[in-house]
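Below you'll find the structure, written out as C-alpha cells, and then a few comments.
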Amino acid sequence: MRLSRSLIPTIKETPAEAQIVSHRLMLRAGLIRQQSSGIYAWLPAGLRVLHNIANIVRAEQARAGAQEILMPTIQSADLWRESGRYDAYGPEMLRIRDRHDREMLYGPTNEEMLTAIMRDSVQSYRDLPQMLYQIQWKFRDEVRPRFGVLRGREFYMKDGYSFDLDYASAVSSYRRMMLSYMRIFRDMGVRAIPMRADTGPIGGDLSHEFHILAPTGESGVFYDKAFETIDLGDDTYSYESQTDLDVFFDHMTSLYAATDEKHDIDAWSKIPEADRREGRGIEIGQIFYFGTKYSEKMGFAVVGPDGAKIHPEMGSYGIGVSRLTGAIIEASHDDAGIIWPDAVAPFRAAILNLRQGDATTDALCEKAYASLGDCVLYDDRPARAGEKFVDADLMGHPWQIIVGPRGAVNGMVELKRRRTGERAELSLEDALAKVRG
RNA sequence: CGGGGCGUGGCGCAGCCUGGUAGCGCGCUUGUUUUGGGUACAAGAGGCCCCCGGUUCGAGUCCGGGCGCCCCGACCA
C-alpha cells in the first residue's frame, strides 16, 4: 500500500483514555478507533493484523483436523433456555428483542447453537468424531471494559467444539487441541504457557488457560523454565498419533505452571530454584472438556453400533483473536512503538522515501514497491525524513527499507531490522532478498 | 456493582474557584525555507465549550437532572 493513499492515521500524542501500552500504541499507530466503551473499529492496518492472526489459527486448525464454519452473532433465547444458561449467564449476556418482541441475544459463545446444529444433522455414531470451529465476533457486556482490545465487550474470537463418542476419544481431541494451540501461538511469534484452570460458566472438569508472557500482563505467572525451550515440531509430535498426543500432554502438564490465583507454594518449592521462572501473563486462550453437559440437556444423541443412544462427549476451545493483537504488542514493543513479529505484522516492511520528489530516489522506491507488492507499506508522503522514521518505528514493521538520495545514485539502500535496530547498507536486490526471507 | 476523576477546534490541555469579546501547544491548509531521526518563518481554516432545564441583564464558568468516557477495586476470553 502507498501510505499517501491509506487511512493509517498515526498520532503523535497519547490519547488521554489509553492507559496501557498496547492500547496507546494501537491508537497511535492507527490500528483501531474506539466507538463505545469496549467497542472498537478496526482500520486498515489493524484489520490486516487481525486477519493474519486469524489465518494462522485457520492453518494450524486445519492441520489438526478442525473444520471451519460460521454461525450467526444473533441467537434465539429459546436455544439458551434449553441448556439452562439463559438465566444462568447473567448480565454479561446482551439481551435484545426483535420487532415481534421475540427474545434474542448477541452470542457470547456458541455451545448451544452448535449442539443444536449437530442434533439436526448427525444421527449415527459413524458421523463422529467431529471438530468444528468458527472465528466470529462475540459480545460480553463486561462490567468494566478496559485495556483497549484486551478487555473489550465486542471481541473477535475463535471458538471450536469437539464431539466424540466416548471419554477416551474426547480426551484425545482435547490433547490434539492443546498441541494445536501451542503451535498456533508459536507461529504468531509469541511464547504461550498452558496452565490448569477453572472451568467457569462453561462447565466441565478439565480445562487449561494459555497465557503469553508480557511484563504488563494482568496475572502473575509461575512456570518451569522448560517451557522456554518446548519442542513443538511436526517430527516430534504428530496429530495422528495417540501416543504422541499423550506424551505431549503429559510433558505439558507435568511441568509446573500456574497463575497467581492457583499458585501452589509447596509444589513450587519442590522445583529446583534454577528452574523457576516468574513473570506476568495475559490469557489468550482456554480449552475445556465438559462431557455430555450440553448433549444431554439439549437432547443430542447418536445411535451407536448396538442401537443404543449415545450422548456425545464435548469440549470447547477458544482463542481471543482480537485480544491477541493487543497481547502481542504488550509482549513486543519498545519506547518507540510496536515491534511486530514477522508472522502477524500488517506489513513485512516499510519503504521510506527520504526525499520524495528526487527522481533517482523515487525510482528506486518504486522499484522496491513493485517488487514486494502488497506486503509492504510505501511511505511516499511528502514528509520529512524524521517523521517517516518515527512513524515506521511506531507502526512496527519488521523491516525498514530506507531509501535516500545519497545511496540511491548507486542503487544502495539501508535496511533496518526493527527488532534489533541493526542497519546495513545493501544493494536494493540484496535488501529485497532479506525482506522476503 | 462500590470508590474516584474527566467531558472546551482532529489530538493534548488552560480558562470555571471570583459569571462579562473562547485561549495555548501540536496537527491541518497555503507560501517561503529546510532536507537522513517529528525544521524555521509567515498567513489562514476550524469551536451547538457533552445534553436538557434553572438562576442572571449576561453562563464554558453558578445550581439541578441526564448522558458519555476513563481510572482503582470486585468480576471476567
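The figures that follow rest on heavy atoms only: side chains count, while hydrogens, waters and symmetry mates do not. The sequence lines fix the lettering, A, B, ..., with proteins before strands; numbering per chain opens at 1. Remember, predicted model here, so these are calculated numbers, not experimental data.
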Checklist entry - Taking all atoms of both residues into account, what is the closest heavy-atom pair of A:N110 and A:P72, and its distance? => result OD1-O, 4.1 Å
Checklist entry - Can A:R176 be said to sit on top of A:Y239's aromatic six-ring, NZ or CZ under 6.0 Å from centre and within 45° of the ring axis? => result no
Next on the checklist: Distance check needed: B:G36 C1' versus A:R423 CZ, whole Å only.
Outcome noted: 9 Å
Checklist entry - Does NZ or CZ of A:R186 come closer than 6.0 Å to the centre of the six-membered ring of A:Y181, within 45° of the ring's axis? => result no
Checklist entry - Knowing that exactly one of A:Y167, A:Y174, A:F249 qualifies, which makes a ring pair (Phe, Tyr, Trp, His ring centres under 6.0 Å) with A:Y289? => result A:Y167
Next on the checklist: Do the side chains of A:D224 and A:R276 get close enough for a salt bridge, i.e. N-O under 4.0 angstrom?
Outcome noted: no
Item to check | side-chain N/O A:S36 vs B:G68 OP1/OP2, d < 4.0 Å | outcome: no
Checklist entry - Can you check whether A:H263 and A:F222 have ring centres sitting under 6.0 Å from each other? => result yes
Next on the checklist: Whole angstroms only, please: what is the CD-P distance between A:E218 and B:A74?
Outcome noted: 11 Å
Next on the checklist: Any side-chain N or O of A:R384 below 4.0 angstrom from OP1/OP2 of B:U39?
Outcome noted: yes
Checklist entry - Do any N or O atoms from the side chain of A:W340 and from the backbone of A:M395 form a donor-acceptor pair under 3.5 angstrom? => result yes
Item to check | Under-4.0 Å salt bridge between A:K297 and A:E112 | outcome: no
Checklist entry - Would a line drawn from the ring center of A:F210 to the ring center of A:F185 be shorter than 6.0 Å? => result yes
Checklist entry - In chain order, what residues pass the salt bridge (Lys or Arg N to Asp or Glu O under 4.0 Å) check against A:R63, with sequence neighbours excluded? => result A:E60, A:D234
Checklist entry - Whole-Å distance between B:C75 C1' and A:F147 CZ? => result 13 Å
Next on the checklist: Can you identify which nucleotide, out of B:G37, B:C71, B:G36, has its nearest atom closest to the A:R146 side chain?
Outcome noted: B:C71
Next on the checklist: Regarding A:D393, tell me which of base, sugar-phosphate or nothing describes its non-hydrogen contacts under 4.0 Å with the strands shown.
Outcome noted: base
Item to check | Spacing between A:Y89 atom OH and B:C75 atom P, to the nearest angstrom | outcome: 16 Å
Next on the checklist: Heavy atoms within less than 4.0 Å of RNA chain B: which residues of residues 337-352 of chain A have one? Give them sorted by number.
Outcome noted: none
Item to check | Any residue of residues 408-420 of chain A with a heavy atom less than 4.0 Å from an atom of RNA chain B | outcome: A:E414, A:K416
Next on the checklist: Students often get this wrong, so: under 4.0 angstrom with heavy atoms, is A:G90 touching a base, only sugar-phosphate, or nothing?
Outcome noted: nothing
Checklist entry - Under a 4.5 Å cut-off applied to non-hydrogen side-chain atoms, are A:I8 and A:D391 in contact? => result no
Item to check | Interatomic distance, A:E387 CD vs B:G37 P [rounded to whole Å] | outcome: 13 Å
Checklist entry - Just checking A:G404: base, sugar-phosphate only, or nothing, at a heavy-atom cut-off of under 4.0 Å? => result base
Checklist outcome for this item: Hits for salt bridge (Lys or Arg N to Asp or Glu O under 4.0 Å) against A:R323, two or more places apart or cross-chain, chain-then-number order -> none
Checklist entry - Which heavy atom in A:A345 sits nearest to a heavy atom in A:N52, and how many Å separate them? => result O-ND2, 2.8 Å
Item to check | Separation of B:G36 C1' from A:Q400 CD (nearest whole Å) | outcome: 12 Å
Checklist entry - What's the CZ-C1' distance between A:R381 and B:G37, to the nearest Å? => result 13 Å
Item to check | Between B:G36 (P) and A:Q356 (CD): distance, integer Å | outcome: 15 Å
Checklist entry - Which residue lies toward the 5' end of RNA chain B, A:S322 or A:R144, if each is placed at its nearest nucleotide? => result A:R144
Next on the checklist: I want to check something: taking the side chain as every heavy atom from C-beta on, are A:V149 and A:M26 in contact at a cut-off of under 4.5 Å?
Outcome noted: yes
Below 3.5 Å is the cut-off: list the nitrogen or oxygen pairs between protein and nucleotides 40-44 of chain B, distance only.
none

Checklist entry - Can you tell me if NZ on A:K262 sees more than 12 non-hydrogen neighbours from other groups inside 6.0 Å? => result yes
Checklist entry - Does anything in residues 6-35 of chain A reach RNA chain B, meaning a heavy atom under 4.0 Å, and if so which residues? => result A:K12, A:E13, A:T14, A:P15, A:A16, A:E17, A:Q19, A:Q34
